[in-house]
Structures are given as C-alpha cells and as structure tokens.
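Note on naming: letters A, B, ... go to the chains in the order of the sequence lines (proteins, then strands), and numbering restarts at 1 for each one.
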2 protein chains.
Amino acid sequence: MATNVTAEPAALGRKRDHSLDAKIMDATLEILAEVGLTGLTMDLVAARAGAGKATIYRRWTSKNDLVIDAVEHLKRIQVDLEDLPDTGTLRSDLLGLGKPLSLEETEQRLKSMAGLASLLSQGQTFADAVNAAVIQPWAEAHLTLMQRAAGRGEIAADADLGTLCQILPAMAAYRSLVQRQPFNQEFLLSMVDGVLLPALRR
Amino acid sequence: MATNVTAEPAALGRKRDHSLDAKIMDATLEILAEVGLTGLTMDLVAARAGAGKATIYRRWTSKNDLVIDAVEHLKRIQVDLEDLPDTGTLRSDLLGLGKPLSLEETEQRLKSMAGLASLLSQGQTFADAVNAAVIQPWAEAHLTLMQRAAGRGEIAADADLGTLCQILPAMAAYRSLVQRQPFNQEFLLSMVDGVLLPALRR
DNA sequence: CAGTTCCGATACTGTTTGGTATCGTATCTA
DNA sequence: TAGATACGATACCAAACAGTATCGGAACTG
C-alpha cells in the first residue's frame with residue numbers, strides 16, 4: 001500500500017507532485033527488469049525517475065517498501081477484467097485475450113518476468129505481491145472466459161476450471177521466464193488448439 | 001565447468017580434498033534456496049560448508065563462477081534419463097515419473113526454485129545454466145515417454161510433442177514457483193487425466 | 001512578504017561484502 | 001627431515017550502497 005493514504009493536513013507550502021509517484025515506481029520496475037533485485041539501487045531508481053533520493057524516501061520508508069508498491073502497481077496494467085473478449089466461442093475469446101506482442105515487447109516482457117522472479121526468494125511478502133499483481137489477474141480472466149463457455153454448454157460442466165484456467169498463464173510465464181522465448185501467436189494457437197480445447201471438450 | 005580441469009602437476013605437498021567441492025556447491029544451493037542471490041554471501045557459503053574462503057577462492061575465481069558451477073551440478077540430481085518408467089501405458093509412465101514429495105521435500109523444492117529464479121535476471125549465462133540444469137532434463141524425460149507412446153500407437157503421431165512435453169515441467173515449475181503450492185499426487189492426476197491425455201488423444 | 005513544504009543535487013555515515021593476505025597447522029613427497 | 005601444497009581462521013582493503021542530512025530554489029498559503 002502506498003504511504004500516501006492519510007487525509008491531507010492543513011496544506012501550507014508546496015504541494016506534493018503525485019506524478020512523481022508513478023514515475024518512481026515505473027523506474028523501479030524498469031530497473032528490476034534490467035538487473036534484478038541484486039542490481040537495483042536507490043541511486044539508479046532516482047536517476048532513472050529524474051527524482052531525488054529525498055523525494056523517494058519522503059514517500060517510501062525503505063527500498064523494500066518501494067519495490068513491493070511498484071509490483072502491486074503492476075496489477076492495473078496486466079489485463080482489464082472489465083473488458084474481456086466476448087466473441088461467442090471460447091476459442092475466439094482465448095485468442096482475443098492473448099494479444100500478440102512485437103519482438104520488442106516480448107523481450108521487455110521476458111526481462112520483466114525475470115526481474116519479478118528475482119523477488120520470489122525474498123520472502124512471502126514479495127512472493128504474494130508478485131502473484132497477486134501479475135499472475136492472478138490472468139488466471140481470473142481465463143476463468144471468466146471458461147465459465148462463460150460452460151454456461152453456453154460449450155464445455156463440460158464438470159471440467160476442472162480451477163486448474164485449466166491456470167494453464168495459459170503458466171505456460172506464458174514458463175515460456176518467457178524459463179525458456180526465454182516469445183509467447184507469440186503461433187505458440188498461443190498451439191496451446192489453445194492442441195491442449196486447452198481438447199482438454200475442455202471431453 | 002569446474003576450474004580443476006588441468007592435468008595434475010608433479011604433486012608435492014598436501015592433496016586437494018575434492019569432497020569439499022561438492023560440499024561447497026551444496027552449501028551454495030542451500031543458501032540460494034533460502035535467501036536468493038541477493039542474500040548469498042561468500043562468508044555464509046564458507047560457514048555452511050565448513051570451509052575457508054581461501055579454500056573456495058582456490059577453486060573458483062569468483063562468486064559468480066561458483067554459483068554457475070553449483071547450478072550446473074544440479075543436473076545430475078534432477079532425473080535419471082537412463083532409468084525412466086516404462087510401464088506399457090503413457091498414463092502410468094507419467095504418473096511414475098512425477099514421484100510424490102513429502103511436505104518437507106515440497107517446501108524445499110519450492111525454495112530451491114525461488115532461489116534459482118533469482119538468477120534468471122543476472123544475465124544469459126545464469127539463465128542458460130538454470131534451463132540446462134533443471135528444466136531441460138524434465139522436458140527430455142517427458143518427450144521420451146511421449147515418443148514411446150506414439151510408437152505404441154497410443155497417441156496421434158502428429159501430436160505436437162515439442163510443446164506437449166513441456167506442459168508438466170512448466171506446470172510443476174509454475175505451481176511451486178509462482179503459486180507456492182505443492183506439486184502433489186492430486187495435482188499430478190488432474191494434470192495427466194484432465195489436460196495431457198485428452199490433448200494427446202485427439 | 002513571511003512562513004511552510006517540496007524538490008533535486010550533493011555530501012555524508014555506517015555497514016556490508018567480494019576478494020586478498022597472512023599465519024599456524026596438517027598432509028603430502030623425495 | 002626439508003620443502004611443497006592445502007587447509008581454516010582471521011584480518012584487512014576497497015568499493016558499494018541504504019539511508020540521512022544539508023542546502024538553495026520552487027511553489028504554495030495566509
């Protein structure tokens with residue numbers, strides 16, 4: 001939770017520039033993607049954000065606080081759960097959700113995942129933040145698409161949706177993080193047509 | 001590659017104690033699992049291994065060298081590719097390969113994966129070492145089982161085995177690393193019966 | 001205009017840590 | 001027995017870095 005939750009006091013003096021909050025968190029995530037937690041320093045973050053360290057420490061009490069906030073901030077840019085595809089068939093919905101990335105976007109996503117992965121061994125708080133901010137939104141999105149399909153009678157009502165909704169997010173994460181390859185249209189098609197749809201239609 | 005590849009010179013003096021090599025690498029992996037690369041220090045490794053830092057630096061030129069060697073050392077204890085299950089059916093083979101873990105083993109595996117994940121943002125050398133040592137052996141094992149099944153006519157000869165052999169290793173890694181839950185018998189059954197076999201039998 | 005608060009740049013402190021050096025002891029060979 | 005090499009404990013050096021302090025200027029309110 002960001003530290004600026006208190007009601008604003010009687011406000012003399014210069015106003016806090018809240019646009020800096022996002023710039024600092026974005027800079028944190030960029031550097032995390034580039035060099036992992038080991039290489040992330042407050043000087044680097046400050047330089048990248050174009051802010052002073054005093055400005056950062058005025059908002060966050062520690063480096064760890066900043067990193068956790070930055071990861072939680074990611075949630076808002078993963079997937080819009082209010083605006084999921086709704087094309088009438090599960091296949092089209094799934095293909096519409098996994099939008100293809102350019103080579104540059106893929107490379108960036110790959111580094112981003114690796115940076116986030118470096119947090120997983122830093123304790124439960126970090127791991128929970130990564131899961132909640134990055135993984136859960138995608139699983140939730142897939143679950144919604146599959147529940148709609150079950151409602152249409154398109155898939156077996158007793159399919160284990162709890163497991164199946166995790167397949168694509170898991171394969172996406174695995175492919176980018178471990179295999180360091182793009183989660184491209186070709187792979188998406190092979191996953192949807194070759195694994196998911198057969199599994200759902202039994 | 002360990003640094004002791006040179007032919008032994010005329011050997012006066014005390015012999016090198018090669019049992020220390022494995023102890024040091026094991027200590028490295030234990031600490032990596034516990035605190036990730038950020039928290040791994042040479043003093044901790046030396047203390048855990050019961051060795052001196054001079055002893056470590058006599059074998060490896062740097063901390064990075066040691067970590068990479070230790071990860072490569074893991075390959076030997078992942079899965080024995082010469083001794084895979086061969087029960088006559090793919091289902092039994094798959095269930096036999098994914099041997100169930102105790103709660104303690106699961107917890108240990110989870111930490112181990114998180115520690116390895118912390119290496120993925122440290123550059124290509126580290127990422128390649130993790131992939132080669134941990135991920136590839138399991139994918140190879142699954143590929144072998146599936147190729148046997150195709151040979152028996154048990155699955156479609158045109159199935160995308162390159163992708164399908166990655167599913168279980170990916171889900172195992174994802175489950176432990178990201179969801180921080182055990183890859184237990186229940187989950188294995190649900191993956192094999194609910195996803196893999198249906199996907200293979202189309 | 002005075003007072004307050006925020007800003008970025010910079011200096012600073014204390015601690016950590018990779019890697020090296022030293023030393024006494026142990027273990028070897030000739 | 002002399003000489004060579006490995007060992008673990010410890011001290012040490014240099015560099016890095018989290019976090020704090022200071023300062024001049026900017027942006028605000030009363």
S.K.: Mind calculating the distance between CG (Asp43(B)) and C1' (dA11(D)) to the nearest angstrom?
M.R.: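 The distance from CG of Asp43(B) to C1' of dA11(D) comes to 12 Å, rounded to the nearest Å.
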S.K.: Strictly below 4.0 Å, N to O, side chains only: are Asp193(A) and Arg91(A) in salt-bridge contact?
M.R.: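 Salt bridge: yes.
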S.K.: Atom OG1 in Thr61(B), atom CD1 in Ile56(B): separation rounded to 0.5 Å?
M.R.: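 So the OG1 of Thr61(B) and the CD1 of Ile56(B) are separated by 12.5 Å.
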S.K.: Whole angstroms only, please: what is the NZ-P distance between Lys63(A) and dT15(C)?
M.R.: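 It is 18 Å, rounded to the nearest whole Å.
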S.K.: Separation of Leu37(B) atom CG from dT17(C) atom C1', in whole Å?
M.R.: 13 Å
S.K.: It should be established whether Arg16(A) places a side-chain nitrogen or oxygen under 4.0 Å from OP1 or OP2 of nucleotide dA26(D).
M.R.: no
S.K.: Just to confirm, is there a sub-4.0 Å distance from OP1 or OP2 of dT27(C) to any side-chain nitrogen or oxygen of Lys15(B)?
M.R.: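 Answer no for this pair, as no side-chain N or O of Lys15(B) is under 4.0 Å from OP1 or OP2.
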S.K.: What integer distance in Å separates Asp65(B):CG from dG18(C):C1'?
M.R.: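 Distance check: Asp65(B) CG to dG18(C) C1' gives 13 Å.
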S.K.: Between Thr41(A) and dC17(D), does any side-chain N or O lie under 4.0 Å from OP1 or OP2?
M.R.: no
S.K.: Have a look at Leu40(A) and say if it touches a base, only the backbone sugar-phosphate, or nothing, with a 4.0 Å heavy-atom cut-off.
M.R.: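 Touches sugar-phosphate only.
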S.K.: Are side-chain heavy atoms of Thr144(B) and Leu81(B) found at a separation under 4.5 Å?
M.R.: no
S.K.: With rounding to the nearest 0.5 Å, note down the distance linking CG in Leu74(A) to CG in Leu29(A).
M.R.: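 Spacing of CG (Leu74(A)) from CG (Leu29(A)) equals 4.5 Å.
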S.K.: In whole Å, what is the span from the CZ atom of Arg58(B) to the P atom of dT22(C)?
M.R.: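 In whole Å, dT22(C) P lies 14 Å from Arg58(B) CZ.
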S.K.: Could you state the CG-C1' distance from Leu20(A) to dA27(D), rounded to the nearest angstrom?
M.R.: 14 Å
S.K.: For residues Glu72(A) and Met25(A), determine if any side-chain heavy atom of one lies less than 4.5 Å from a side-chain heavy atom of the other.
M.R.: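 Side chain of Glu72(A) against side chain of Met25(A), heavy atoms only: no contact under 4.5 Å found.
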S.K.: Return whichever of Ser62(A) or Lys53(B) has its heavy-atom-nearest nucleotide of DNA chain D closer to the 5' end.
M.R.: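 Per heavy-atom nearest nucleotide, the more 5' residue is Lys53(B).
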S.K.: Applying a 4.0 Å non-hydrogen cut-off, can you work out what Ala46(B) is touching in the nucleic acid: base, sugar-phosphate, or nothing?
M.R.: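 Contact class for Ala46(B): none.
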S.K.: Starting at the 5' end of DNA chain C and moving along, which residue's nearest nucleotide shows up first, Ala54(B) or Gly13(B)?
M.R.: Ala54(B)
S.K.: What is the distance from CG of Leu66(B) to P of dT17(C), rounded to the nearest Å?
M.R.: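 For the pair Leu66(B) CG and dT17(C) P, the rounded distance is 16 Å.
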S.K.: To the side chain of Met42(B), which of dA18(D), dG18(C), dC7(C) is closest?
M.R.: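 Closest nucleotide to the Met42(B) side chain: dG18(C).
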S.K.: Counting just side-chain N and O atoms, does Arg14(B) come under 4.0 Å of either OP1 or OP2 of dA4(D)?
M.R.: no
